[in-house]
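Residues take their numbers from the sequence shown, with the count starting at 1.
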Amino acid sequence: MNKITLMVLFLMTVMSCKAKTPTIETQASYLVKNNEEVYATLPKLKPGDKLIFEDGDYKDLKLVVNESGIAEKMITIMAKNPGKVFITGDAKVELRGEYILFKGFYFKNGNRNFNEWASHGPGIIALYGSHNRVTECVFNDFDQVNSAYITTSLNTDKTVPKHCRIDHCVFVGKKTLDQVINLNNRLKETNDGSNIGPAMYHRIDHCFFSNPPKVGNAGGGIRIGYSRYDVGRCLVDSNLFQRQDSEAEIVTSKSQENVYYANTIINSQGTLNFRHGDKQVALNNFYISTDDKFGYGGMFIWGSKHIIANNYFSLQKTIASRGNAALYFNPGIKDSEHALAFDILAVNNIFKNNNGYAINFEPLFERRTEGVSNSELPNYRPYNITLNGNLFITTEKTSFDLFLGDIAKQSFENNYSYGISKNNPTNIQPLAINNTGSPDFYQPQSIAGYSQSKVAKIDNIEGINLNIQDIINGGIKGKPLTWDDVRPKWLADIPNDYWRTGE
C-alpha cells in the first residue's frame, strides 16, 4: 500500500470520526438592565438559556415571550437578585411559549390602562403556554385595575395551557375586582354544558394570600374553571391564606376533580367553596381563627361525590350571613348553578370549639327557595352525606351545637365527641375527658377511645400524584402552616400589614 493510499484512508477515518462526534449545544446567559435590552434579547432565547435582570425598576415593561424551552432545558427569566427587580407602571407579562421559568420579580406601583384590562381577562402574568412556572414572585397592591394577578389564558385558537405551576409567590393588598389567580380552560363562561373545558393539571403550592375586602362579588383568592361541566384536575396544596378577605369565597372551585391538600386558612372572612363541579377532594386542610373580631369560614359545598377528609376546623366566630358553621352543605336543585349537595363522604375531620354549628345542612335555605319559586323543579335539602370517623371537641365551659338541618337524611358511623353535652345526637359516641394531660388535637390518636375510620376503594384523580386512600387512612398530619413554610427564600417579612389585624 503506497503513501497516497494510506493518506486517503487516514483522512477518511478522521472524517468518519468527526461525523460521529455529537453536536454540543451551548446555553447562553444574557444580562439585561433596561426594557430595550430585554426586547432585543427575547428573540435570541433557546432551550436552556437564561435572561437575567439587573437590579432596578422596569417601568411599563411589556414582556412577551414567544420562545419555548424543553422539559430538561427550560428557558429561565429571572432576577439577578430576587426582590431587587421591580416591575411597575403599565406593565404585563405574557408567557406564550412552553417550558418557561419566571422567577424572583416584585410587582408594585402599577399604573395599567383601564381600557385594556377586564375582570376574567388575562392577568398581569398570563400563561398561554403549557409547562410554564411562576415562582418566588411578589404582588403587592399592584394597581387599581380590575383584573387578576396571574391567569392561565387561551388564545383565540382556544388552545388550553396545561401543567403549569405557581409556587412560593406572595399576593397581598389587592383591593380590586377579579380573583388573584384564575385558571381558565375556556374563553368564556357557559353553564349549559355546551362548551366543556378540558382538564388542566395545574398546581398552585406554597403561596401566601392576604387581601382586604372589596365592593362586589368577584375577587377571591383562586378560581379554577367556569362551570360544573368543566374538568379541572388541578392541585392546590400547601398554601397559607391569612386574612384572605376579598369576598365570601376564598377559593371558588368551578370545575370537577380538583384536589385541595394541606392548605392553612387563618382568620379569613370566607369559605373554600366547591362551587361547581363534582368529585372534588379536600384533604388535611386547617381552617382556624385566633380571634373573634370577624366571622370566619371553613368550607361551603355544592354538588356531589366529593371527599372531605382529615380536615381541622376551629373557628371562634363563624359567618352569620352563611349560617354560622364550620362546614356547610348547600340546599338547592341538582345540576343547577347553586347545585344541591348530596352523596358526599366526610371522614376523619376534627371540629373543635366552633361558634354556631359544626355542620349546617341547610345554609341559605330560604334564599334558595326564593330563587326557585318560579321553577317547576323542587328545592331539596342535602342528603346522603356520609359522616364517618369525625371528632367533635369542646374544651370550653359551654358546648356548641353540632348540626343544623335534617340529620335523618345523612349516614353516621364511628363518630365521636369530646366534652360535648349540648344537643349531642345519640349517634355520636362520647369520649371521656382526659384529665391526666392535654391531648394533641392535631393528632387525635392521643385521645383515649378515638378510632379514626379506614376507607377502601377510593380512586385517585388522574394526573394528580396523591394516593387519596392512603392519605385518608393516615389521619390528619402536621400542623397549620406558617409564613416561613411558604415564603420565597429571599423574603424575610410579609410586605403588607393587613394580615396582622384585618385593618
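Using the six-membered ring where Trp is involved, W490 and Y106 have ring planes that are tilted, between 30° and 60° apart. In this pair, F403 and F361 present their aromatic rings tilted. The plane angle is within the 30 to 60° band. Ring geometry for F208 versus W483: interplanar angle over 60°, hence perpendicular rather than tilted (30 to 60°). Taking the six-membered ring where the residue is Trp, F139 and Y149 present parallel rings, their angle staying beneath 30° rather than reaching 60°. Aromatic ring orientation, Y287 versus F313: parallel (interplanar angle below 30°, classes split at 30° and 60°).
Side-chain N or O atoms of N360 include one that pairs as donor or acceptor with a backbone N or O of G323 at under 3.5 Å. Using a distance-only test at 3.5 Å, with no hydrogens or angles considered, a donor-acceptor pair links the side chain of N284 to the main chain of K477. For S119 (side chain) and L177 (main-chain N/O), no donor-acceptor pair under 3.5 Å exists by modelled atom type. Not a single donor-acceptor pair under 3.5 Å links the side chain of D237 to the backbone N or O of A262. Within the 3.5 Å criterion, the main-chain N or O of T151 finds no donor-acceptor partner in the side chain of N182. Here the side chain of N34 pairs a donor or acceptor atom with the backbone of E37 at under 3.5 angstrom. Remark: the backbone N or O of I75 is not paired with any side-chain donor or acceptor of D49 at under 3.5 angstrom. Side chain of S289 to main chain of L315: no donor-acceptor pair is present (N/O by atom type, distance under 3.5 Å, no hydrogens or angles). With S210 contributing its side chain and Q242 its backbone, the two residues share a donor-acceptor pair below 3.5 Å. No side-chain donor-acceptor contact under 3.5 Å links S238 to the backbone of D205.
Remark: R203 does not engage D167 in a salt bridge, criterion side-chain N to carboxylate O under 4.0 Å. E503 has a carboxylate O that lies under 4.0 Å from a charged side-chain N of K293, or vice versa, which qualifies the two as a salt bridge. Of the charged side-chain nitrogens involved, none lies within less than 4.0 Å of a carboxylate oxygen, so that R243 and D245 do not count as a salt-bridged pair. For the pair E247 and K214, the salt-bridge criterion is not met [side-chain N within less than 4.0 Å of a carboxylate O].
In this structure the side chain of F102 never reaches within 4.5 angstrom of the side chain of L127, judged on heavy atoms. Taking 4.5 Å as the limit, every side-chain heavy atom of P198 sits out of range of all side-chain heavy atoms of V231. Side-chain contact between L63 and I77 is present, with heavy atoms from C-beta onward closer than 4.5 Å. In this structure the side chain of V134 never reaches within 4.5 angstrom of the side chain of F105, judged on heavy atoms. Using a 4.5 Å heavy-atom cutoff, the side chains of V236 and I224 are in contact. Contact check for H168 versus V486: no side-chain heavy atoms found under the 4.5 Å cut-off. Here the side chains of W302 and H338 are in contact, with some heavy-atom distance below 4.5 Å.
A pairwise comparison of heavy atoms in V172 and P495 identifies CG2-CG, 4.0 Å as the closest pair. When every heavy atom of Y30 is checked against every heavy atom of L45, the shortest pair comes out as CD1-CD2, 3.9 Å. Residues C164 and H202 approach most closely at N-ND1, 3.0 Å, considering heavy atoms. The nearest pair of heavy atoms linking K158 to L187 is CG-CD1, 3.7 Å. Heavy-atom minimum distance, P122 versus S153: CA-OG, 3.8 Å. Closest heavy-atom contact between P382 and N330: CG-O, 3.5 Å.
Side-chain contact check for S147 and D178: no donor-acceptor pair (N or O, by modelled atom type) lies under 3.5 Å. With hydrogens and angles left out, the side-chain atoms of D143 and N111 include no donor and acceptor closer than 3.5 Å. Residues T159 and D157 bring a donor and an acceptor atom of their side chains to less than 3.5 Å of each other. With hydrogens and angles left out, the side-chain atoms of N211 and Q244 include a donor and acceptor closer than 3.5 Å. A side-chain N or O of Y260 and one of S253 form a donor-acceptor pair less than 3.5 Å apart. Counted by atom type alone, N273 and T252 present zero donor-acceptor pairs between their side chains at under 3.5 Å. Side chain to side chain, T318 and N355 meet the donor-acceptor criterion of an N or O pair below 3.5 Å. In summary, the side chains of N113 and D90 do not present any donor paired with an acceptor at a separation below 3.5 Å, with no hydrogens or angles considered. Under 3.5 Å, the side chains of N267 and T290 contain a donor-acceptor pair of N or O atoms. Between the side chains of N258 and S255, at least one donor-acceptor pair of N or O atoms lies under 3.5 Å.
With respect to D230, the side chain to side chain donor-acceptor pair (under 3.5 Å) criterion is satisfied by exactly one of K254, R186, Q256: R186. L240 pairs in a side chain to side chain contact (heavy atoms under 4.5 Å, CB included) with only one of the listed residues (T482, V170, I266, I265), which is I266. Among K175, K108, K174, the one residue that satisfies the salt bridge (charged side-chain N to carboxylate O under 4.0 Å, His left out) test with D141 is K175.
Taking the centre and axis of the six-membered ring of W117, the NZ or CZ atom of R112 falls inside the cone set by 45° and 6.0 Å. Annotation: cation-pi geometry satisfied between R223 and Y226 (NZ/CZ under 6.0 angstrom from ring centroid, within 45° of ring axis). Cation-pi geometry between K317 and Y296 is not met: the NZ or CZ atom fails to fall both under 6.0 Å from the ring centre and inside 45° of the normal. Relative to the ring axis of F365, R381 places its NZ or CZ within 45° and under 6.0 Å from the centre. Taking the ring axis of F300 as reference, the NZ or CZ atom of R275 does not stay both within 45° of it and closer than 6.0 Å to the ring centre.
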Point to revise | Worked verdict on F329 versus I308 for side-chain contact (heavy atoms from CB on, under 4.5 Å) | key: CA-CA 11 Å; F329 291 103; I308 302 165; 4.0 Å; yes
Exercise for review: Give the C-alpha distance, both sets of side-chain angles, the deciding distance and a yes or no for side chain to side chain donor-acceptor pair (under 3.5 Å) between N155 and R96.
Suggested key: CA-CA 9 Å; N155 286 311; R96 294 185 172 272; 2.5 Å; yes
Check your understanding: Run the side chain to side chain donor-acceptor pair (under 3.5 Å) check on D57 and T88 step by step: do they pass?
Key -> CA-CA 7 Å; D57 188 335; T88 64; 2.6 Å; yes
Point to revise | Evaluation steps, side-chain contact (heavy atoms from CB on, under 4.5 Å), between N460 and L466 | key: CA-CA 7 Å; N460 293 326; L466 291 176; 5.9 Å; no
Review point. Would Y312 and I476 count as a side-chain contact (heavy atoms from CB on, under 4.5 Å) if you check the C-alpha gap in whole Å, the side-chain angles of each, and the deciding distance to 0.1 Å?
Key: CA-CA 8 Å; Y312 182 94; I476 292 178; 4.3 Å; yes
Review point. Should V64 and K92 be marked as a side-chain contact (heavy atoms from CB on, under 4.5 Å) after you check the CA-CA gap, both sets of side-chain angles, and the distance that decides it?
Key: CA-CA 8 Å; V64 181; K92 70 176 182 180; 4.2 Å; yes
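Residue K80 places its NZ atom among 12 or fewer non-hydrogen atoms of other residues, nucleotides or ligands, all under 6.0 Å distant. Heavy-atom contacts from other residues, nucleotides or ligands closer than 6.0 Å to NZ of K62 number more than 12. Sparse packing is recorded around CG of D493, with 12 or fewer heavy atoms of other residues, nucleotides or ligands lying under 6.0 Å away. Counting heavy atoms of neighbouring residues, nucleotides and ligands inside a 6.0 Å radius, atom CG of N465 does not exceed 12 of them.
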